[in-house]
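Data first, discussion second: the structure below is written as structure tokens.
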There are 2 protein chains.
Amino acid sequence: METVEEKNINDFETLETISVDCVIFGYDDNKLKALVRRETVPYNGEIHLEWKLPGNHVRRDETIDATASRILKEQTGLENIYVKQFMVFSNPNRLRLREQDFVWVKPRLRDERVITVGFYSLINVSDVDNSMLIEDAKWENAYEIKELMFDHNEIYDEAFKKLRYDLLHEPLVFELLPEKFTLTQMQKLYEAIFNTTYDKRNFRRKVNKMPYLIPLDEIQSGVSHKPARLYSYDRDIYEKTRTERFDFRM
Amino acid sequence: METVEEKNINDFETLETISVDCVIFGYDDNKLKALVRRETVPYNGEIHLEWKLPGNHVRRDETIDATASRILKEQTGLENIYVKQFMVFSNPNRLRLREQDFVWVKPRLRDERVITVGFYSLINVSDVDNSMLIEDAKWENAYEIKELMFDHNEIYDEAFKKLRYDLLHEPLVFELLPEKFTLTQMQKLYEAIFNTTYDKRNFRRKVNKMPYLIPLDEIQSGVSHKPARLYSYDRDIYEKTRTERFDFRM
DNA sequence: ATAAAAATGTGTTTTTTTTACACTAAGCTC
DNA sequence: GAGCTTAGTGTAAAAAAAACACATTTTTAT
């Protein structure tokens, strides 16, 4: 993925003590997934296969949000993706929590610290051209993430926690859904994220109060049952009607 | 405040491209306040007085949370204070948004970027020994913060927004209150933060549902009216009874 | 064409939570 | 002890949340 030339360019342009790691969430097959990528790590004379979160260093001229968007582009081919920083990880030993990971760190950085900013991002998996997905990347069930390098399990857990938290206050589900979707798809997504089930009638009553959820004059096609109505999300209406509900409710 | 010797030590030990800026909130005189500090900036042949948020660089061996705690100690003399990171500010031009600020930046850093991690912290102002408060620090009404250097107004606004957001989900008020407090003090604090008023009976009904709010067998003293019952916060009970209410409520 | 299968779409009742609202009680000061 | 100041308390109405079941529409198989 990273060619030697790219590495050299990066070496020159990046702030090496600051990186960005991304937890990329996607929704597919009624399940919430996250993207992990494989690295080959020579250790003890053997090649180990280890998994990590996609990440990269911050370039001299970009904000960290731009770094995150760049990582998204590299990993999925997609642009204009929702990315959100959620936490900085700054344990001075974070790269050497496990001996076998540390050999992976570029020698030049072994005496340095790398502080990383955790981002999560939300994509609609059906937008991803799988040929764009790099060979060493893999979608994992969000509830069954394996052991990752460095402190990446901690980063992942915090990302997932933050995602659930944010989902209750912002219309983030729509970032994970296709442009046109049914209410059942939307409900199943909530259920996948919160690992529970909801009553269909109550769910619909609730989401029908969202003024930015637009029913379309269009129905599902290609399904072998009664086709459902399609809906879309209107971001402008959300922006206009959002009232900062930062109130202590009585 | 910073002596020359301290500066030299810091130069040696810190990661200069990463800093921490703290918005220190305190509650006093029924008002929510924030701490700002004055800097003298020579510009255009004159000495300008400018205000900024307290901040510092990250030392080589400490986490950013430790940096924030260190800043708190320096500014207020207090230890074991609640600090919380809320956002990274990484605009490459963030130190040169205003010409008069940029001359304040150490010459060595002018060709560098400094990425800063924003923290907010909550203290009980009555704990602060005002002789510990450094000369150039000042408490400002949280709703009337003046123009600050660099991007510090942006940092401040995000901190305040995040504080209100977090206050709805975590028992942070108790960090701002003295160890023993009355329900009226607690209510006035909520009112100061959310800039509103609540009905006394409804407020009490609501907070009385918090199992970690402990009524004491003790009443207020030194007031010229009926003394109120004192309450305290039991963090252990909170930890034990907290149910991650990360649920999409139906 | 008809029956079976699969998912859509809809209403009511009960319970819980939120809101609005006003007076008496207790201690302090003069 | 009169007056001041804040503490402390209950009820009714409205709104929101929860629990719960069946008829409808389309496709597919026979």
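Computation of the quantities below employed the complete heavy-atom set of this structure, encompassing side-chain atoms and omitting hydrogens, waters and symmetry-equivalent molecules. Lettering follows sequence order; numbering is per chain, from 1.
- Residue A:Q185 contributes atom CD, which lies 11 Å from atom P of C:dG9 at whole-angstrom precision.
- Atom pair B:Y198:OH and D:dG8:P shows a separation of 20 Å (rounding to whole Å applied).
- Between the P atom of D:dG10 and the NZ atom of B:K206 lies a distance of 20 Å, rounded to the nearest Å.
- B:Y231 places its OH atom 11 Å from the P atom of D:dA7, with the value rounded to the nearest Å.
- Remark: B:R229 is not in phosphate contact with D:dG8, judged by side-chain N or O atoms under 4.0 Å from OP1 or OP2.
- A salt bridge links A:E170 with A:K84: the closest approach of a Lys/Arg side-chain nitrogen to an acidic carboxylate oxygen falls below 4.0 angstrom.
- Across all strands, B:T184 comes closer than 4.0 Å only to sugar-phosphate atoms, never to a base (heavy-atom distances).
- Distance, A:I219 CD1 to C:dA6 P: 20 Å, rounded to whole Å.
- Counted within 6.0 Å of CD on A:E179, heavy atoms from surrounding residues, nucleotides or ligands total 12 or fewer; the atom is thus considered open.
- Residues passing the side-chain hydrogen bond (donor to acceptor under 3.5 Å, both in side chains) test with B:S126 are B:N124, sequence neighbours excluded.
- Distance CG (B:N208) to C1' (D:dT9): 11 Å, rounded to an integer number of Å.
- Here the C1' atom of nucleotide C:dT18 and the CZ atom of B:F203 are 15 Å apart, to the nearest Å.
- When each of A:F160, A:Y82, A:W139 is checked for a ring pair (Phe, Tyr, Trp, His ring centres under 6.0 Å) with A:F25, only A:F160 meets the rule.
- A:E144 and A:E140 get closest at one heavy-atom pair: O-OE1, 3.5 Å.
- In the set D:dG8, C:dG9, C:dT18, the nucleotide with an atom closest to the side chain of A:A228 is C:dG9.
- Residues meeting the ring pair (Phe, Tyr, Trp, His ring centres under 6.0 Å) test with B:F150, sequence neighbours left out: B:W104, B:H152.
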Within the sub-3.5 Å range, which N or O atoms of nucleotides 21-26 of chain C have a protein N or O partner, and how far apart are they?
| residue | atom | partner | partner atom | Å |
| --- | --- | --- | --- | --- |
| C:dC21 | N3 | B:R201 | NH2 | 3.4 |
| C:dC21 | N4 | B:D199 | OD2 | 3.2 |
| C:dC21 | N4 | B:R201 | NE | 3.3 |
| C:dA22 | N1 | B:R201 | NH1 | 3.4 |

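- The heavy-atom pair separating B:L53 from B:D21 by the smallest distance is O-OD1, 4.0 Å.
- The nearest whole Å value for the distance from the CG atom in B:L230 to the C1' atom in D:dT6 is 14 Å.
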